[in-house]
Amino acid sequence: MNHVTAEQKKEIDEIVNEQALTSRFTSVGLESILYQPIPVLDHGFIRVVDYMGTDQSIVQAARVSYGRGTRKTSEDEALINYLIRHSHTTPFEMAEIKLHVKLPIFVARQWIRHRTANVNEYSARYSILDKEFYLPSHNNIGTQDSTNRQGRGSAVEQAEGEEFVSMLRAASEQAHEFYRRSLNENEEGQPKSNKKRGIARELARIGLPLNYYTQWYWKIDLHNLMGFLRLRSDKHAQLEIRMYADAILEVLEKWVPLTFKAFSEHVLGGARLSATAVAFLRKQLAGQAFQRSDSKLSVREWNELAETFGFRSSSSNSLR
Ligand SMILES: Cc1cc2nc3c(=O)[nH]c(=O)nc-3n(C[C@H](O)[C@H](O)[C@H](O)COP(=O)(O)OP(=O)(O)OC[C@H]3O[C@@H](n4cnc5c(N)ncnc54)[C@H](O)[C@@H]3O)c2cc1C
């Protein structure tokens, strides 16, 4: 695993050691991890390269204050809780974060759907991509899920998993050989053949598979970051993007601990219910016997409700 090279590490160390004075709000937690790569998957990472604002900036904006705007921590916490619970979102747009992300192309393809961010991607028209591709670990290789058509089911037998990884490795290496031969350039930047002139980078790259790594700088405000995290840390999201979301959640906790707490409480740990589900639960609380067939809920919604509230998911009529 080589998430960053020695040269890249040296550049990071140099910037970390630069000191600057500011009277802006700064986050002690985030400052402690600024610029440092947080490994994700086999070669990927996220690292915070810049940020604006803290929990205090949210409070300051919500109170439209002339000064720092903050009061006692308990009052600030109550205000942030209130804002999150009531979807009063604009104060959270006052804080922003800029991440450097190294991620497989198939993860990037899901990530880029979040349009409310600013992105600058590494250009493989201009530069040559490294020989870095993602291989899932054996315990993350599952069958096609039978109920969730988008998802991964239980783990496959070890032999089938090993065969998959070995075929994926061979295909990725072969694709890299194709890439280098097309460019007519070896890893040291020397021509592979003196008889060829080499194909343009923008064309040579098109034979690389989706597990190759790309990189980008990604800037987003806190409100939209929470939208991204709500969707991508959820168990319905693909495992690989979820691992990035989990790493960003750790960053969020360091950056804006009060917001993180309120977000975990009211959004990540909360539940969204349909009118039918609410009506059904009301009947339960009134002590009425219930069956799934009476609930008018689809099997999928019923199962989700059962999981959230801890009753048996099949068709049953008893609370656990
Ligand atoms: C589990 C899962 C499965 C998915 N499966 C698929 C799939 O099969 N196929 C597929 O194509 N995508 C799929 N997606 C992507 C999904 O449909 C969204 O495109 C993606 O999650 C980005 O969400 P968003 O639009 O809320 O985010 P953002 O683009 O960041 O937008 C945030 C919010 O801003 C507003 N907004 C942004 N742009 C506009 C606009 N142009 N017009 C109006 N409002 C706007 C909306 O309120 C939006 O919710 C999937 C996502 C998840 C999490």
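All ligand and atom numbering here is 1-based and tracks the order in the structure. All values reported here derive from a predicted model rather than from experimental measurement.
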Query raised in the report: Between Trp216 and Trp111, what is the ring plane arrangement, given parallel below 30°, perpendicular above 60°, and tilted in between?
Result: perpendicular
Query raised in the report: If you take all heavy atoms of Phe178 and Gly207, which pair is closest and at what distance?
Result: CE2-CA, 3.5 Å
Query - same_hphob_cluster(Ile12, Val40) at 4.5 Å side-chain heavy-atom cutoff - result: yes
Query - Within the protein, residues bringing a heavy atom under 4.0 Å of ligand 1, chain by chain - result: Arg113, His114, Arg115, Thr116, Gln150, Leu231, Arg232, His236
Requested in this report: Would you please indicate yes or no on a ring centroid separation below 6.0 angstrom for His3 and Phe45?
Outcome: no
Query - ring pair (Phe, Tyr, Trp, His ring centres under 6.0 Å) contacts in which one or both residues fall within residues 56-75, not counting sequence neighbours - result: none
Query raised in the report: So Phe106 and Tyr134, would you call those rings parallel, tilted or perpendicular, with 30° and 60° as cut-offs?
Result: tilted
